[in-house]
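Structure first, then comments.
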Number of protein chains: 2
Amino acid sequence: MKVEELHAKVGYRLSGRAQRYTEVRRSIVERLSRSGRPLTVPEILSSAKSVPLSSAYRNLTVLLEAGVVRRVAGTDDQGRFELAEDIAGHHHHLVCEGCGTVDDVPSSTRLESVMDEAARLAAEEQGYDVWSHRFDLIGLCRQCQG
Amino acid sequence: MKVEELHAKVGYRLSGRAQRYTEVRRSIVERLSRSGRPLTVPEILSSAKSVPLSSAYRNLTVLLEAGVVRRVAGTDDQGRFELAEDIAGHHHHLVCEGCGTVDDVPSSTRLESVMDEAARLAAEEQGYDVWSHRFDLIGLCRQCQG
DNA sequence: CTCAGTGCAAAGGATTTGCATGCCG
DNA sequence: CGGCATGCAAATCCTTTGCACTGAG
C-alpha cells in the first residue's frame, strides 16, 4: 500500500471519530508501516524522539479504538503494536523467546482454510463467537541462537 | 494423568534443580491441573488464600524455570499460567476479547500437521529455530456475547 | 471560541526484589 | 548446620490519568 493511500485510510477512520490525524499520529503509523514487525512503544518512539511516552500511549489508544492499530502479545509482558489486519494484511508471527522480538510471516491460503475450519469447530463446541485467530511460531531468532 | 503421576513428574523436575516440592507448589500445580484453562495469579490463589502474591509469583517463576508451567498471553496484559505442554498435552486457546478469559481447546492431528509444515517453511525463510507454536482463536465467550 | 491534542507529573496495577526469619534435609 | 522457602514491605516496570496549556478549525 502506498503511503498516501495509507494516510488517507487512517485519516478517514480518525475523522469518522472526530479525531485529528496529527503529525505525531502520522509518524506512528508510518513507523509501524515501515517496520516488518510489531514494535514496542520505546521502539516506536526511537524515530520520533522528544515525544513523551504518555503521548505515545494516548495516541496508540486512539488508533486502537479507531481500528487502525492492534496490540500484539509476545512472550514477555511488553506490549507491541502493529497496523490492523485490513491495512497491513493478514499474517502470522515468529516470536523469539530469547529477546522477545516478534517478526511477521506471510500466511498461505491453505493454512488459512484449515485454520478457519478449526475455528468454526471450536466455536461451535464452546459457544464462542470467533472472528479472528493468531498463529504464532515460537522459537529463537537468528541472533539468539548463538 | 493421575494426580500421583502428576506430582511425581513435577517433583522429579524440581528435585533435579535442587528445589523442593512444597505444599504451596503442590497446590498451584493441582489448581492448574484441575482448571481447564490458563489462570491468572489471583485466580490461582483464590483456592489457596493466605498465600502472598509475592510467594505465588516466586513459586511460579521456579515452576517456569523447571519447565513445569508456561506463561500464556491473552489480549489484556494480565499474565496467565498453565501446565507445560508435555504435562497438560498440546492444545489451543479460545481468547475472549471481552473479559480476557482464555479457554483450552483440543487440537486435531490434521491441523497440527499443516501447522508444522507452515512452521518449517517460515523457520527456514527467516532463520528462526522454531520448536513450538500457538494457535489462538479470538472472539467473545458465551457470557460476553449477551 | 471550542474542543481535541500535548506535556509533565503523579497515580495505578502487575510483577520483582531485599532482607530477616522459618524450616526441611 | 546450610540452603531453600516464605512474608512483608519497598522497589520496578509498563501503562494510565489528572490538569493546565497550546493549537487547529
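Throughout, a chain's letter reflects where its sequence line sits, starting with A, and its residues are numbered from 1.
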Of the options D/dA5, C/dA14, D/dT16, whose atoms approach the side-chain atoms of B/Gln19 most closely? D/dA5

Under 4.5 Å side-chain linkage, directly or through intermediates, the cluster mates of B/Val114: A/Leu94, A/Val105, A/Leu111, A/Val114, A/Met115, A/Tyr128, A/Val130, A/Phe135, A/Leu137, B/Leu94, B/Val105, B/Leu111, B/Met115, B/Tyr128, B/Val130, B/Phe135, B/Leu137

Between C1' of C/dC24 and CZ of B/Arg25, the distance in whole Å: 12 Å

Just the rounded figure in Å: distance from P of D/dC14 to CD1 of A/Ile44. 14 Å

note: B/Leu14, atom CG; C/dC24, atom P; distance rounded to Å ~ 17 Å

Whole-Å gap separating P (C/dC23) and CD (B/Glu23): 15 Å

When you check the gap from the basic side-chain N to the acidic O, do A/Glu5 and A/Lys9 get nearer than 4.0 Å? no

Other hydrophobic cluster members with B/Tyr12, side-chain heavy atoms of Ile/Leu/Val/Met/Phe/Trp/Tyr under 4.5 Å, chained? none

Between D/dC14 atom C1' and A/Arg71 atom CZ, what is the distance in whole Å? 9 Å

Tell me, which pairs form a side-chain hydrogen bond (donor to acceptor under 3.5 Å, both in side chains) where one or both residues lie in residues 133-142 of chain A, sequence neighbours left out? A/His90-A/His133, A/Glu112-A/His133, A/Arg134-B/Asp136, A/Asp136-B/Arg134

Partner residues of B/Arg120 under the side chain to side chain donor-acceptor pair (under 3.5 Å) criterion, sequence neighbours left out: none

d(CG, B/Leu53; C1', D/dC8) in whole Å: 12 Å

List the steps, then state whether salt bridge (charged side-chain N to carboxylate O under 4.0 Å, His left out) holds for B/Arg71 with A/Glu97. CA-CA 12 Å; B/Arg71 199 190 205 111; A/Glu97 283 205 338; over 6 Å; no

Between C/dT6 atom C1' and A/Leu63 atom CG, what is the distance in whole Å? 15 Å

Does A/Asn59 put a side-chain nitrogen or oxygen below 4.0 Å from OP1 or OP2 of C/dT6? yes

If only side-chain N and O atoms of A/Thr22 are considered, is one of them under 4.0 Å from the OP1 or OP2 phosphate oxygen of C/dA4? no

When you check every protein heavy atom under 4.0 Å of nucleotides 18-25 of chain D, what one-letter string (B, S, -) results, 5' to 3'? BB---B--

Nearest-Å distance, CG (B/Asp76) to P (C/dG13)? 14 Å

Which residues pass the side chain to side chain donor-acceptor pair (under 3.5 Å) test with B/Asp129, sequence neighbours left out? none

Which residue, B/Ala18 or B/Val51, contacts DNA chain D at a nucleotide closer to its 5' end, judged by nearest heavy atom? B/Ala18

May I ask you to say what B/Val24 touches in the nucleic acid, namely base, sugar-phosphate or nothing, with a heavy-atom cut-off under 4.0 Å? sugar-phosphate

